Amino acid sequence: ESNSKSLVAIAPEWTDAASSRKNVWGQTAASHPTLWFFVPFTTATQLEFSLQTQDENDVYRTVVPVPSQPGIIAVEVPKTAPALKLDQPYRWTLKAVVPCPSAEPDQPFVQGWIER
């Protein structure tokens with residue numbers, strides 16, 4: 001059931017044989033790409049998207065509107081953000097902020113890498 005409530009990146013996914021960990025890695029020709037996600041819930045108060053360099057410097061960060069019904073959303077990196085450099089990996093994260101009564105809530109998120 002928990003998998004049905006997870007954010008999903010619409011991007012290539014592969015499993016690392018050594019760690020059995022799933023990784024999301026995509027390539028793009030765009031200097032300012034659009035990333036696509038499936039959001040299976042509407043209970044989040046907001047979605048937070050970030051794009052960072054390999055050494056964790058922000059390239060772009062924004063709050064994304066929560067869809068009114070479960071479905072696919074697009075997150076576009078605007079032309080006002082720095083262009084992705086060729087042959088450099090960037091980490092992206094989409095995190096849902098959901099109401100939770102516990103002191104340390106488990107916020108759903110998905111992350112991966114993109115390279116131009």
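Every value quoted in this text rests on a predicted model; they were computed, and no experiment measured them.
In plain terms, the two heavy atoms of Pro89 and Gln54 that are nearest each other are CG-OE1, 3.4 Å. Shown here for Thr42 and Pro67, the closest heavy-atom pair between the two residues is CG2-O, 3.2 Å. For the pair Val59 and Pro82, the tightest heavy-atom approach, listed with the atom from each and the gap, is O-CD, 3.3 Å. Between Gln52 and Glu56 the shortest heavy-atom distance is NE2-O, 3.6 Å. Nearest heavy atom pair, residue Ser31 against residue Arg116, reads CB-NH1, 3.4 Å. Nearest heavy atoms, Ala11 versus Val24: CB-CG1, 3.6 Å.
Between Phe37 and Trp92, the ring planes are perpendicular. Angles over 60° get that label, and only those under 30° would be called parallel.
Counting heavy atoms from C-beta outward, Val8 and Val110 have side chains that stay 4.5 Å or more apart. Using a 4.5 Å cut-off on side-chain heavy atoms (C-beta onward), Pro12 and Trp25 make no contact. Within the 4.5 Å cutoff, no side-chain heavy atoms of Lys95 are placed close to those of Pro108. Looking at Leu84 and Leu51, their side chains come closer than 4.5 Å, going by heavy atoms from C-beta outward.
In this structure, CG on Leu94 lies 5.5 Å from CD1 on Ile73, to the nearest 0.5 angstrom. Rounding to the nearest 0.5 angstrom, the gap separating the CD1 atom in Ile114 from the OG1 atom in Thr28 is 5.0 Å. Taking CH2 of Trp113 as the start and CD of Gln27 as the end, the distance is 14.0 Å to the nearest 0.5 Å. The CZ atom of Phe109 sits 5.0 Å away from atom CD of Gln111, with the distance rounded to the nearest 0.5 Å.
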*Could you go step by step and tell me if Asp87 and Glu115 meet the side chain to side chain contact (heavy atoms under 4.5 Å, CB included) rule?*
CA-CA 6 Å; Asp87 303 318; Glu115 184 176 309; 4.1 Å; yes
_Would Val97 and Glu48 count as a side chain to side chain contact (heavy atoms under 4.5 Å, CB included) here? Give the steps._
CA-CA 8 Å; Val97 178; Glu48 297 174 350; 3.6 Å; yes
_Check against side chain to side chain contact (heavy atoms under 4.5 Å, CB included), Ile72 and Ile10_ = CA-CA 9 Å; Ile72 296 173; Ile10 301 174; 3.8 Å; yes
*asked:* If you apply the rule side chain to side chain contact (heavy atoms under 4.5 Å, CB included), what do you find for Val75 with Thr34, and how did you get there?
replied: CA-CA 6 Å; Val75 178; Thr34 298; over 6 Å; no
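Hydrophobic clustering, with ILVMFWY side chains joined whenever heavy atoms are under 4.5 angstrom apart, groups Trp36 together with Phe38.
Formation of a donor-acceptor pair under 3.5 Å by the His32 side chain with backbone atoms of Ala81 is found in this model. Side chain of Thr93 to backbone of Ser50: no donor-acceptor contact under 3.5 angstrom is found. Between the side chain of Tyr90 and the backbone N or O of Lys85, at least one donor-acceptor pair lies under 3.5 Å.
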